[in-house]
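Dropping the structure in here first, questions after.
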Amino acid sequence: MKLELRNVKRDFVSRSGCHYTCIEDVNMEIHSGEFHLLYGASGSGKTTLLNIMTGMLRPTEGQVLLDGTEIQGKKEQELALLRRKSFGYAMQNASLLNSLTVAENISLPLTFFSGTGTAEEQLKKAGLWKVRNSYPSELSGGEYRRCTILRALVIQPDFLFADEPTANLDDTNAEIIIEMLEHLREQGTAVVVATHDKRFMEDSRQIHELG
Amino acid sequence: MKRKKDGKTLAVLYAVLSALLIVGPRSLFAVCAVEEKPMKCYWSTQAVTALAIILLAVAVLFFLADSAQVKAALSIVTIVTAAMVILIPARLIGGCGMMTMACRRLTFPAFYVIGILFLVSAVVEIVLLQKEKAGAKEQE
Amino acid sequence: MKTGKITGLHGIAFRNLRYQSFKTAVLFLLVCMMIAALFVSKLLVASMEAGMQKTCEKIGADLIVVPDRYVDTVQNALFEGKACTVNFSREWVEWLSQTEGVERVSYQLFLATLTAGCCDGENQLIAIDPQSDFVVKAWLSKEGKTPLEDGEIITGSALGKKAGDSVRYFNREFRVKAVLEETGMGYDNSAFITYQDAYDIAADPMYVGTLPFSAEEESVSSVLLQVKEGYALSEVEQSICSAYRKEGMSVYSSGELVGALAKQFHAYQGYGTWFEWIFVIMAAVSIFAVYVVNIRQRYHEFACMSSMGFSFRQIMVMLSEELAVNVLTAGIVGIAIAGGMFALFHLAIRSSVGLPLLLPGLWQILEIGLFILFLNILVSMIAYLYAVLRLRNTEMALLVKEENG
């Protein structure tokens, strides 16, 4: 599968009413089994780009194509369907529902959309079995990030998008996350990570510098 | 979810309501003063005061209680006593015949409201204790 | 806590409510209190209306004649149930019945009772002539309408008696023949006996001098008139006044006599209507604000659900389920508590308001309850629609930014 961005631009209006351009002329091709890094400082537009790729934001100009079909013009319902089946998205601050336990959060997409039951196996593999009955607010930073990734990959998506998955994590926890993502890529999923963490830097990964 | 206050709030609520049952009929929602001989309303109030002392003791025990079993037992005592708080003025002893007398107009309705508050909170407490028990079993 | 599979959007909705139990409780209490306060204020006005309306409808007489120096006393006896003893010559009854335009004449004699102890509040004991009475009869159900006999008594609803009971007044046993329906006025505290019994009491050596009339006197305390059809009230009132002013007679139409009360009531009603509307608006704005703030605090969660693949419609269904639980439970509980408290304390409220106050009928109470519940649902729906429109016009990813900043 291929996700393609052509001349993508996104403008915003600030609270004071000023228009400003966040990203401009972004061109990118993402294929299955690739690892892409959106690299840049805070405010460089990494999250905006991820949101555009997942259909959570529409570009002001340009095209987002999935296997040659434009997605930015799709209806909200169709975009939701796409995120349900093909896109796993681990947002930076909004990836788990606080009112559900870890186990419930992770199996939520399964029980709702594919009816395939719980994510017991995945929880064990990710070392989260012990905290399965805890609430997100009770998790450590590392556990929380692992949960967000696990929640995104549990549907076995074609594309996995992760926003700053290793932010504020120590090396050990960052390593676990990077390994999880790498493992996913090896299975054929395209992984796109927005980060400014140098620990992701590796020659095999495609780096897109923003800002 | 674990209840964080361990029933202390409920104990305080019980204590406040019990105090209201003792002080109220003598101040806030007083019955008429005894003249030649005490009437039914006076005896109803005295009986409710006795029950209020029991409820106050229950409140203290509730504050000190740690075990769920003790709390459940105390809740049952509360239910029975609160039912009596309602039944004594309504049926068992009663009050003045005239609906416009202070006891019928203000004191007894206040007893009913307080009695119902005791009843509802004790029933809710028992339900929560049961749920906690079921939850603990599930965790095991 | 039970964990595992969450089935259906309502599952998430309930878990949200439970997880944020403090917020849920505060929201519930706020809405509940608003609803309860609104319900009580509307019920109070409706009760006053019911009381006033019934008093005017069932006062029975078109004109009431009393000695001019006793007008206030009679008014107090009639509306507030304050026991009084007023009397004047029975000759008046003869004179008045001969006046042109008068259809029927009924008369009453007031005997205040003695208070013995705490539970024996002062009752107004009234002697009536069962043959000519058309006033007391109006408050009786069919069974009680057969003429009152000596040794029998009709009691007001507040005396706590039922037909067949016996009751002691002036050291004499009376059998309760019937109980008046609740009037919301002085008759609730009154009891009615025959003239013969009243004179027997007056003749009792134990009470000689206690009552302001003797067994030999033919006394009355008030005369009640019904005007013939085709005659204007003012016309008859005028002719009585001009003929008997010298005798110290005062004539009042029922409307005039309830006039002071009506004035007081209209003042209440006037302020009441204003306050009610201000209150309705304040409650609506508060409930709206509470709901909107609650929805705004959830943007983070909506974005999260959207990123998982939940559609906008699904998120809105979940939100509406949460709102519905709150709106309905808080509304119903608020109305039930307020209604219960009002019913329990309505006698206390009546004595503090000083107006005839009757609990409206069940249907009217239901109507008020439904109106308030409808108002709550309407406000919550407006808040919900407002939130939906705002969310629809905002891209999901921006919600997180909005909530954060």
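What you see is a predicted model; the values in this text were computed from it and never measured. Chain letters run A, B, ... following the sequence lines, proteins first and then strands; every chain starts at 1.
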| Under 4.5 Å from a heavy atom of chain A, the part of C/Leu17 involved | neither
| C/Phe310 vs A/Phe112, ring-ring contact (aromatic ring centres under 6.0 Å, His included): CA-CA, chis, key distance, verdict | CA-CA 9 Å; C/Phe310 283 92; A/Phe112 258 86; 5.0 Å; yes
| query | Which bit of A/Leu108 is near chain C, if near means a heavy-atom gap under 4.5 Å: side chain, backbone, both or neither? | reply | side chain
| task | Mind ranking A/Leu100, A/Asn98, A/Ile155 by heavy-atom pairs under 4.5 Å with chain C and telling me who comes out on top? | result | A/Asn98
| field | Pairs of heavy atoms under 4.5 Å with chain C: top-ranked of A/Gln92, A/Lys85, A/Glu76 | value | A/Glu76
| Worked verdict on C/Asn16 versus A/Ser99 for side-chain hydrogen bond (donor to acceptor under 3.5 Å, both in side chains) | CA-CA 5 Å; C/Asn16 286 338; A/Ser99 56; 2.4 Å; yes
| query | Using the ring of each side chain (for Trp, its six-membered ring), is C/Phe14 parallel, tilted or perpendicular to C/His10, with breaks at 30° and 60°? | reply | perpendicular
| query | Could A/Glu182 and A/Arg185 be called an ion pair, given the rule that one side-chain N must be under 4.0 Å from one carboxylate O? | reply | yes
| query | If you count heavy-atom pairs under 4.5 Å with chain C, which of A/Thr54, A/Leu57, A/Leu79, A/Asn51 comes out on top? | reply | A/Leu57
| query | With a 4.0 Å cut-off, would you call C/Arg298 and C/Glu301 a salt bridge? | reply | yes
| note | To the nearest 0.5 Å, atom OH of A/Tyr39 lies from atom CD1 of A/Ile207 at 8.5 Å
| said: Does any backbone or side-chain atom of A/Leu82 lie under 4.5 Å from a heavy atom of chain C? Answer side chain, backbone, both or neither. | reply: neither
| chain C heavy atoms under 4.5 Å from A/Arg151: which part of the residue, side chain, backbone, both or neither? | side chain
